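Since the model is a prediction, treat every value here as computed from it, not as a measurement. Chain identifiers are assigned alphabetically (A, B, ...) following the order of the sequence lines, protein sequences preceding nucleic acid strands; residue numbering begins at 1 within each chain.
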Amino acid sequence: MLDKTYNPQTIEARWYEQWEQRGYFQPRGGGESYSIALPPPNVTGSLHMGHAFQQTLMDILIRYRRMQGNDTLWQCGTDHAGIATQMVVERQLEGKGQSRYDLGREQFIRAVWDWKAHSGNTITRQSRRLGASMDWSRERFTMDEGLSQAVQEVFIRLYDEGLIYRGKRLVNWDPVLHTAVSDLEVLAEEEQGHLWHIRYPRTAGNGALVVATTRPETMLGDTAVAVHPEDARYRDLVGGTVELPLTGRSIPVIADEHVDPAFGTGCVKITPAHDFNDYAMGQRHNLPLLNIFTIDAALNDNAPAAYQGLDRYQARRRIVKDLEALGLLEKVEEHTLMAPRGDRSGAMIEPYLTDQWYVQVQPLADPAIAAVARGDIRFVPENWSKTYFEWMRNINDWCISRQLWWGHRIPAWYDAEGNIYVARDEAQVRRKYQLAQAVALTRDPDVLDTWFSSALWPFSTLGWPQQTSELERFYPTSVLVTGFDIIFFWVARMIMMGLKFMGDVPFREVYVTGLVRDSQGRKMSKSKGNILDPLDLIDGIEIETLVSKQTANLMQPQLQAGIEQATRKQLPQGIPAFGTDALRFTFAQLATQGRDIRFDAGRIQGYRNFCNKLWNAARYVLICVAGQDLNVGTGAVEYGAAERWISSRLSQAAQQVSKGIAGYRFDLAAQALYEFTWDEYCDWYVELSKTVLNDPGASVARKQGALVTLLENLEILLRLLHPFIPFITEELWQKVAPLLGRGGETIMLQDYPDGQEFPGDAAAVAEIDWLRSFILGVRRIRAERDIPPGRTLAIQVKDGNDQERQWLQQNRGYIGSLAKVSSILSVTIEPDDAVTALAGSMTILVPLADLINPAVEANKLNNQLARVNADRERLNGKLQNRNFIDKAPPAIVQKERDKLAELDAAATRMTEQLERLRRLLS
RNA sequence: GGGUGCUUAGCUCAGUUGGGAGAGCGCCGCCCUUACAAGGCGGAGGUCGGGGGUUCAAGCCCCUCAGCACCCA
């Protein structure tokens, strides 16, 4: 027999390994194909709430389709994450007092592979704990041999077509990592800084122009000062020159419409080599580019000797001091600026002039825009397509080279003259370009942006450039599930590459999930100390362990005390072990359309309780059938209205679930399952069945009917729930299904209920709905009058139509046990001392001579009557409005008429009752 | 500056051709009724951000104002 309390730990431990070992996660070969490519998490990563959330949703889709009989593939793997991984390994070396240069390139790369072998599978282990049914036998890594071939192939083909080129341009330079990064890897953060106003003396005549800058050190690279052409203050100066302090250089004053005359003094210093706007201005005016920084963002030999070698911030202090000494510093203001920082290193990004490789994006973007516009790819929710279009229409060329060691090395070679040759390897270069052996070639040292290989993921994982059967079967994938934060990084680029190299979109639909935030809507981050680890929600964590985890390895140790305090306040007991199923169900419930998701640890408890409820319902059913000979399919079975009702409702719930999943409304699907399980199956049908099963007078066939209904509904319900809560459903199904002769190795591969298991039965639904309102009426009277639950009641009924009288006859047993009613007397005259309720048009009367206070009753009744009268007035007004009668659909008008009639009858009854109470009072 | 959303019960949120304001949690009362106290039964609580318009009818459609959030520059 099942334990009394649901214990996720023991259940969840036993199933996953079996599923995986028996190969249930692999495609089975038959049926329509359905595939999802997992967004490959960084190999350095561990499973955070966002991963857990998205993987849960993907797993629901995959398990659902698998049960429906689709040939299902969930392609998984990890990303080599160039910068992140290189940093992890470099930090390890640092611990040993070494740098990557000590090892050399080859050795270092070997060290990275070593690291991956030992530590690179954290996240895949965690995905398994989540129950994710990915096909691990097909796991890929973006640096795998096959995927690397795909990367090479794409690079070479794009280069040969002229879509990849090498260029010298201003890029985002990370002076800590010594590499270029793409626009997307730069985060603009608001920071408090200063605005320095500096005098540039006029070369001819007296006076000076005052320029305002947030970066005084870059003045050493200035090659002009710009003003707006319409700016009357400076019109005369345009074409002249000013003296650039500290340098002994003179620079021109130019006019350009892009200068904002209202900002600062209206004069802008122009540093074409170290600012993107200035670069563009420099291009327009043919200004020289003067690079004053080294790759570390220290001042180079182009700076005056006094500043050479200084770091940019040291230089800033020196320059400000020197300007002040010269009397050239007009003033300094507080200023809030948007500071560009590298998303990996956190370093201030420096616009820097370098040679880099670029993808010319427009020719790839145009078909990608068209594909979405045509509907070949559908965004869910639909409005994300707007964001996509907006970005794609303003897209810039993509800088794809990185000055790192870990990654796909660019297949390009140079000769002594700097000519470029692109092919798979050096031998092929010589063949392709017919180069003699005597020509010395050196390979480009750079590697490709990690996202370059990620962009190929949907087809490189399936074997491309080989034409494999997997490609044939599973490309395009069915849906991409991802957060909007990587629409630009990844989604758009996959679409471009898929169309270019496969001639078809990489996925039919993109389901964009919200981002998981904390209970107050803040982003989860280490420095806020508000990170919830999904594994902690599953396994539980002691408060002390949690505190030390939140405060370990902080970048800013001064935050420690605050984080500790907040953690202890938020989760004073730590986190109990809720189990995977509860976490998954919570995610499903939270998956509303498009908006950010606030994860409140309190909420998961409710869904753990839900699992417990399901557990106990199964326990009840198993207790009931224990030792019974069910004769499923052979013995005489009689189904009452209650049986037909619950079965009918189950089918409706199944339809709602399928509808929900089809529309990616996991919240609605989960809601339908929750309500059916708890509010209908447990709260009503299980209770109703007890009446029959405990009734010595009930026929064997009736009892069989109840038992079979309990079992069948439960068994179907478990299958319905399985994609959401796979562990508990497998555990219970193994015990329940065999009783119906429906055993099997696993619930995972059973048919998913399609909502046609039972016929809809409107008559049974009407009857049981009425029965429920009857029982609720008695219960309400009982609760309102504080009648002890143990006390049985003798009640009376009055009025009601023929149908209701028949229902009453048929359901006396249920009313007796569920409303604790000992007798029901039909009367035509209402007693004065009765409290009443309504079930349809039937009045329920509970005579309570010794319990009621007529004055209190009259008061309550008066309030009710007032409410009813207010409604009647409103309805009357509506029905007397000719416009409403004429223009509203007849069905609506009739509905309002019926409602009014009902209210009129209720008002009449209440008035009569008030009369009787008044008689009692006088 | 450009773009996209959001504002419904104390909290978190549903509410999909415009026609009865809902759920979970929290709160209040009663109850250890042999599946479940991680439970049962009952209850209170909302001028659907403000204003205007369209309509017989608006939480839902249109306009406008206010507040909040995010993305891009």
With rounding to the closest Å, how many angstrom separate the C1' atoms on C13(B) and G59(B)?
14 Å
Which atom names give the shortest non-hydrogen contact between Asp683(A) and Lys613(A), and what distance separates them?
OD1-NZ, 4.3 Å
Nearest whole Å is fine: how far is C68(B) C1' from Arg517(A) CZ?
13 Å
May I ask you to say whether Glu731(A) pairs ionically with Lys735(A), meaning some side-chain N is under 4.0 Å from a carboxylate O?
yes
What do the steps show when you test Leu879(A) against Ile885(A) for side chain to side chain contact (heavy atoms under 4.5 Å, CB included), and what is the final call?
CA-CA 7 Å; Leu879(A) 286 164; Ile885(A) 303 290; 4.2 Å; yes
Expressed as a whole number of angstroms, how long is the span from Glu687(A):CD to G40(B):P?
9 Å
Write down the partner of G1(B) under the Watson-Crick or G-U wobble criteria, each distance required to be under 3.5 Å.
C72(B)
Quick note, Arg598(A) side chain, CB onward, closest among G19(B), A14(B), U12(B) is U12(B)
So, is Arg608(A) near the phosphate of A38(B), with a side-chain N or O under 4.0 Å from OP1 or OP2?
no
Could you tell me how far C63(B) sits from A23(B) if I compare only their C1' atoms? Round to whole Å.
33 Å
What's the CG-P distance between Leu614(A) and G39(B), to the nearest Å?
14 Å
Among the nucleotides C56(B), U12(B), C36(B), whichever has the atom closest to the side chain of Lys613(A) is C36(B)
Name each donor-acceptor pair under 3.5 Å that joins a side chain in residues 599-607 of chain A to protein atoms two or more places apart or in another chain, with its distance.
{"unit_1": "Asp600(A)", "atom_1": "OD1", "unit_2": "Gly602(A)", "atom_2": "N", "d": "3.0"}
{"unit_1": "Arg603(A)", "atom_1": "NH2", "unit_2": "Tyr607(A)", "atom_2": "OH", "d": "3.3"}

With sequence neighbours excluded, give me every salt bridge (charged side-chain N to carboxylate O under 4.0 Å, His left out) pair touching residues 887-898 of chain A.
Lys878(A)-Glu896(A), Glu896(A)-Lys899(A)
Does Arg619(A) have any side-chain contact (heavy atoms from CB on, under 4.5 Å) partners at least two apart in sequence or in another chain, and if so, which?
Leu2(A), Lys4(A), Asn616(A), Ile623(A)
If you look at every strand shown and take non-hydrogen atoms under 4.0 Å, does Val621(A) touch a base, only sugar-phosphate, or nothing?
nothing
Using modelled atom types and a 3.5 Å cut-off, is there a donor and acceptor pairing between side-chain atoms of Arg584(A) and backbone atoms of Phe724(A)?
yes
Carboxylate-amine/guanidinium proximity below 4.0 Å for Arg284(A) and Glu257(A)
no
Rounded interatomic separation in angstrom, taking OH from Tyr685(A) and P from C36(B):
19 Å
Option from Leu650(A), Thr709(A), Ile768(A) for which side chain to side chain contact (heavy atoms under 4.5 Å, CB included) with Tyr685(A) holds:
Thr709(A)
Does Lys690(A) place a side-chain N or O at less than 4.0 Å from the phosphate oxygens OP1/OP2 of U34(B)?
no
For U33(B) and Arg791(A) - does any side-chain N or O of the residue sit under 4.0 Å from the phosphate oxygens OP1/OP2?
no
Atom pairs, N/O to N/O, protein against nucleotides 41-44 of chain B, distance under 3.5 Å?
{"unit_1": "G43(B)", "atom_1": "OP1", "unit_2": "Arg780(A)", "atom_2": "NE", "d": "2.8"}

U7(B) - base-pair partner by Watson-Crick or wobble geometry, distances under 3.5 Å:
A66(B)
In whole Å, what separates the C1' atom of G19(B) from that of U55(B)?
12 Å
Taking CG from Asn383(A) and C1' from C71(B), how many angstroms apart are they, rounded to a whole number?
13 Å
Heavy-atom donor-acceptor pair, Lys4(A) side-chain to A38(B) base, under 3.5 Å:
no
Atom pair distance, as rounded to whole Å: NZ in Lys820(A) and P in G40(B)
16 Å
If the C1' atom of C30(B) is compared with that of A44(B), how far apart are they to the nearest Å?
15 Å
Base, sugar-phosphate or nothing for Arg665(A)? Non-hydrogen atoms, less than 4.0 Å.
base
Taking atom P in both G43(B) and G22(B), what distance in whole Å separates the two?
13 Å
Does U54(B) have a Watson-Crick or wobble partner in any strand here, with both distances under 3.5 angstrom, and which is it?
none
Using the C1' atom as the point on both nucleotides, what is the distance between G18(B) and C56(B), in whole Å?
12 Å
What orientation do Phe610(A) and Phe585(A) show, parallel under 30°, tilted 30 to 60°, or perpendicular over 60°?
parallel
Tell me which nucleotide, if any, is Watson-Crick or G-U wobble paired with C27(B) when both distances must be under 3.5 Å.
G43(B)
Is the shortest heavy-atom distance from the side chain of Thr482(A) to the side chain of Phe489(A) under 4.5 Å?
no
Taking any heavy-atom pair under 4.0 Å as a contact, classify Lys386(A): base, sugar-phosphate, or nothing.
sugar-phosphate
Under 4.0 Å, counting only non-hydrogen atoms across every strand here, what does Asn881(A) touch: a base, just sugar-phosphate, or nothing?
sugar-phosphate
Give me the distance, rounded to whole Å, that separates U12(B) from U7(B) when you measure between the C1' atoms they each carry.
14 Å
Scan Cys682(A) against the nucleic acid and name what it touches under 4.0 Å (heavy atoms): base, sugar-phosphate only, or nothing.
base
Between the OG1 atom in Thr56(A) and the CZ atom in Phe666(A), the distance rounded to the nearest 0.5 Å is 10.0 Å
For atom CD1 of Ile728(A) and atom P of A38(B), their distance in whole Å
16 Å
Taking any strand in view, what nucleotide pairs with U34(B) in a Watson-Crick or G-U wobble way, both distances under 3.5 Å?
none
Could you check Pro8(A) against Ala617(A) and say which one's nearest nucleotide on RNA chain B is further toward the 5' end?
Ala617(A)
Using atom NZ of Lys523(A) as one end and atom C1' of C71(B) as the other, report the distance to the nearest whole Å.
11 Å
Assign Phe610(A) to base, sugar-phosphate, or nothing according to its heavy-atom contacts below 4.0 angstrom with the strands shown.
nothing
Quick check on RNA chain B: between Gln589(A) and Trp615(A), whose nearest nucleotide comes earlier from the 5' end?
Gln589(A)
Between U8(B) and G2(B), how far is it from one P atom to the other, in whole Å?
27 Å
With sequence neighbours excluded, residues passing side-chain contact (heavy atoms from CB on, under 4.5 Å) with Asn277(A)
Asp275(A)
Strictly under 3.5 Å: I want the nitrogen or oxygen pairs between protein and nucleotides 20-26 of chain B, one per line.
{"unit_1": "A23(B)", "atom_1": "O2'", "unit_2": "Gln671(A)", "atom_2": "NE2", "d": "3.1"}

Complement of G22(B), any strand, by Watson-Crick or G-U distances under 3.5 angstrom
C13(B)
